[in-house]
Novice: 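Quick one: this structure, given as structure tokens, is what I'll be asking you about.
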Amino acid sequence: QVRLVESGGGLVQAGGSLRLSCAVSGSTFAPDSITWHRRAPGKAREMVAMLMSGGGTNYADSVKGRFTISRDNAVNTVYLQMDNLKPEDTAVYYCYSVLGNSWGQGTQVTVSS
């Protein structure tokens, strides 16, 4: 069973940065594709970034140029570097394992104006 644990959320002012981490266990990490999603209050969940097993990446238009997804295979962790944060980035952020079809518990990101 694949287990994902997010960390790194918090409160930050607009224009600031945060780095989220998604630690993955219980799977063959290297070939897996990992995605980051978020759910803002009153809104549907949306995918914000994808890191494919071959190294390709994809981003939602709303975060392009501000967010960067990366992985460290040595520690089975995927990161989401979030720069120039905006109040509309406030949400609970989740990571998802495609091969494992598993979600983490989420980490709250709050951006104040």
Side-chain angles (χ1 to χ4, degrees):
Q1 174 132 9
V2 177
R3 183 168 179 254
L4 300 96
V5 178
E6 301 97 334
S7 61
L11 173 64
V12 65
Q13 288 189 327
S17 298
L18 283 173
R19 189 177 79 157
L20 305 183
S21 299
C22 173
V24 183
S25 61
S27 77
T28 306
F29 179 71
D32 200 356
S33 296
I34 302 292
T35 58
W36 280 98
H37 302 249
R38 66 187 180 189
R39 185 190 296 273
K43 294 187 178 181
R45 186 176 62 207
E46 64 169 335
M47 190 188 77
V48 296
M50 169 180 271
L51 179 57
M52 291 170 272
S53 57
T57 58
N58 194 23
Y59 298 93
D61 288 343
S62 58
V63 306
K64 274 181 185 174
R66 301 188 298 122
F67 289 14
T68 304
I69 190 170
S70 63
R71 73 196 302 156
D72 185 343
N73 289 341
V75 291
N76 285 9
T77 300
V78 173
Y79 303 100
L80 185 67
Q81 177 68 40
M82 306 187 296
D83 298 317
N84 191 22
L85 283 160
K86 304 176 180 180
E88 50 264 42
D89 295 318
T90 294
V92 179
Y93 284 72
Y94 302 87
C95 57
Y96 172 74
S97 160
V98 174
L99 282 181
N101 191 24
S102 297
W103 293 90
Q105 83 290 349
T107 186
Q108 175 71 47
V109 171
T110 303
V111 184
S112 63
S113 57

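Below, all heavy atoms of this structure are taken into account, side chains as well, without hydrogens, waters or symmetry copies.
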Novice: With a 3.5 Å cut-off and sequence neighbours excluded, list the donor-acceptor pairs that the side chains of residues 106-113 form with protein atoms.
Specialist:
residue	atom	partner	partner atom	Å
Thr107	OG1	Gly9	N	3.2
Gln108	NE2	Ala91	O	3.4
Gln108	NE2	Thr110	OG1	3.3

Novice: Name all pairs fulfilling the salt bridge (charged side-chain N to carboxylate O under 4.0 Å, His left out) condition that reach into residues 43-62, sequence neighbours left out, sorted by first residue then second.
Specialist: Arg38-Glu46, Asp61-Lys64

Novice: Would you say Val98 ends up clustered with Leu51 if hydrophobic residues are merged whenever their side chains have heavy atoms under 4.5 Å apart, either directly or through other cluster members?
Specialist: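 Looking at the clustering, Val98 is in a separate group from Leu51.
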
Novice: Give, for atom CZ of Arg71 and atom OG of Ser53, the distance between the pair rounded to the nearest 0.5 Å.
Specialist: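 Those atoms lie 7.5 Å apart.
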
Novice: Nearest 0.5 Å please: distance from the CD atom of Glu6 over to the SG atom of Cys95.
Specialist: 4.0 Å

Novice: Examine Val12 and Phe67 and state if one hydrophobic cluster contains both, with Ile, Leu, Val, Met, Phe, Trp and Tyr joined whenever side-chain heavy atoms are less than 4.5 Å apart.
Specialist: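 Yes; Phe67 is reachable from Val12 via cluster members.
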
Novice: Under the side chain to side chain contact (heavy atoms under 4.5 Å, CB included) test, which residues partner Thr68, sequence neighbours left out?
Specialist: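 Scan of Thr68 (side chain to side chain contact (heavy atoms under 4.5 Å, CB included), adjacent residues dropped) gives Tyr59, Gln81.
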
Novice: Kindly compute the distance separating CE (Met52) from OG1 (Thr57), expressed to the nearest 0.5 Å.
Specialist: 6.5 Å

Novice: Are the side chains of Gln105 and Val5 in touch, meaning some heavy atoms are under 4.5 Å apart?
Specialist: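 They are in side-chain contact.
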
Novice: Check side chain to side chain donor-acceptor pair (under 3.5 Å) between Arg66 and all other residues, then give those that pass, not counting sequence neighbours.
Specialist: Asp89

Novice: Taking all heavy atoms of Trp36 and all of Ser21, pick out the closest pair and write down the distance.
Specialist: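 Here Trp36 and Ser21 meet closest at CH2-O, 3.6 Å.
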
Novice: In the structure I gave you, are the side-chain heavy atoms of Asn58 and Ile69 within less than 4.5 Å of one another anywhere?
Specialist: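 No, every pair of side-chain atoms sits at 4.5 Å or beyond.
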
Novice: Answer yes or no: is there a side-chain heavy-atom contact under 4.5 Å between Val24 and Thr77?
Specialist: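 They are not in contact (no side-chain heavy atoms under 4.5 Å apart), so the answer is no.
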
Novice: Does Ser102 have any side chain to side chain contact (heavy atoms under 4.5 Å, CB included) partners at least two apart in sequence or in another chain, and if so, which?
Specialist: Val2, Leu4

Novice: Distance check, rounded to the nearest 0.5 Å: Ile34 atom CD1 versus Cys22 atom SG?
Specialist: 5.5 Å

Novice: Could you walk me through whether Ser97 and Asp32 pass side-chain hydrogen bond (donor to acceptor under 3.5 Å, both in side chains), step by step?
Specialist: CA-CA 7 Å; Ser97 160; Asp32 200 356; 2.5 Å; yes

Novice: Taking all non-hydrogen atoms of both residues into account, name the closest pair between Ser17 and Asp83 and its distance.
Specialist: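 Where Ser17 meets Asp83 most closely, the heavy atoms are OG-OD1, 2.8 Å.
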
Novice: Return each pair, listed once, that meets ring pair (Phe, Tyr, Trp, His ring centres under 6.0 Å) where at least one residue sits in residues 87-113; pairs must be two or more places apart or across chains.
Specialist: His37-Trp103, Tyr96-Trp103

Novice: Nearest 0.5 Å please: distance from the CE atom of Met50 over to the OG1 atom of Thr35.
Specialist: 5.5 Å

Novice: State, yes or no, whether a side-chain contact exists between Asp72 and Tyr79 at a heavy-atom distance under 4.5 Å.
Specialist: yes

